[in-house]
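Written out below as structure tokens is the structure these notes cover.
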Amino acid sequence: DAGITQSPRHKVTETGTPVTLRCHQTENHRYMYWYRQDPGHGLRLIHYSYGVKDTDKGEVSDGYSVSRSKTEDFLLTLESATSSQTSVYFCAIRQGQGQPQHFGDGTRLSIL
Amino acid sequence: GENVEQHPSTLSVQEGDSAVIKCTYSDSASNYFPWYKQELGKRPQLIIDIRSNVGEKKDQRIAVTLNKTAKHFSLHITETQPEDSAVYFCAASIVGRDDKIIFGKGTRLHILP
């Protein structure tokens, strides 16, 4: 399995609080992605990164921000969490274009 | 942007029979099509992928076909086994334009004893 670690694996927090999820890779891959997975919606792209400090929006980016200050870490921040952001969040990495993605184990986030 | 439609959302087949999952994509420039399998509570894992310069690809009991004219691609699983029960996702991306990979909504496959 690709060296991807997501933290935390589970988190429960309250509406209005800030939340940061971390994705750490040991593969030195250029591309990193954040998805959310909800029943009936599959995997929806939130943000992705194509290099250090290079990021772009995905399909469902509202309410989320990201940062990538070094190759191995990609952070997803919910500035003010809402109940609609309760979901399972997956990080993925990819070596290059035309190559498959490899996913982390996911973070289950519950916002009460 | 790219949109990927996947059908059916749920599929039940008898053990030993074949299963077919179909996907369509909207952007004719899409040229890379991976398929992922996700078991309950686990991460999605790549099972097979195909590029637009190939019409079909096989790996043991799994095959994927691509029809670029119709903009659809399909996953075929033969001689299904209980361990094939999972959710399957198709996806599409455009190599050389951007780095996004857009997923279909998934098909839950049940293998009946």
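We name chains A, B, ... by the order of the sequence lines, and we start the count at 1 in each one.
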Do you know the tightest heavy-atom contact between B/Q38 and A/F90?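 Answer, listing the atom of B/Q38 first, then A/F90: NE2-CZ, 3.5 Å.
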Report which part of [X] has an atom under 4.5 Å of a heavy atom belonging to chain B: side chain, backbone, both, or neither.
{"X": "A/L45", "answer": "side chain"}
{"X": "A/Q101", "answer": "both"}
{"X": "A/Q37", "answer": "side chain"}

ILVMFWY cluster, [X] and [Y] together (side-chain gap under 4.5 Å):
{"X": "B/L46", "Y": "B/V87", "value": "yes"}
{"X": "B/Y88", "Y": "B/I62", "value": "yes"}
{"X": "A/F103", "Y": "B/W35", "value": "no"}
{"X": "B/L112", "Y": "B/V13", "value": "no"}
{"X": "B/I102", "Y": "A/Y31", "value": "no"}

Residue part contacting chain A, namely of B/P44, when any heavy atom lies under 4.5 Å: both
For B/Q6, which atoms come within 4.5 Å of any heavy atom of chain A: side chain, backbone, both, or neither?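 Neither the backbone nor the side chain of B/Q6 comes within 4.5 Å of chain A.
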Verify the neighbour count for atom [atom1] of [X]: are there more than 12 heavy atoms of other residues, nucleotides or ligands below 6.0 Å?
{"X": "A/E14", "atom1": "CD", "result": "no"}
{"X": "B/K105", "atom1": "NZ", "result": "no"}
{"X": "B/L40", "atom1": "CG", "result": "no"}
{"X": "B/Q14", "atom1": "CD", "result": "yes"}
{"X": "A/R44", "atom1": "CZ", "result": "yes"}

So does B/I101 get a backbone contact from the side chain of A/Y48, meaning a donor-acceptor N/O pair under 3.5 Å? no
Taking heavy atoms only and a threshold strictly under 4.5 Å, list by residue number the residues of residues 60-76 of chain A that touch chain B; give 'none' if the list is empty.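 Counting heavy atoms that sit under 4.5 Å from chain B, no residue of residues 60-76 of chain A is involved.
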For the interface with chain B, which of A/G98, A/G42, A/G104 has the highest count of heavy-atom pairs at distances below 4.5 Å?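 That would be A/G98.
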At what distance, to the nearest 0.5 angstrom, does CG of A/D105 lie from NZ of B/K42? 9.0 Å
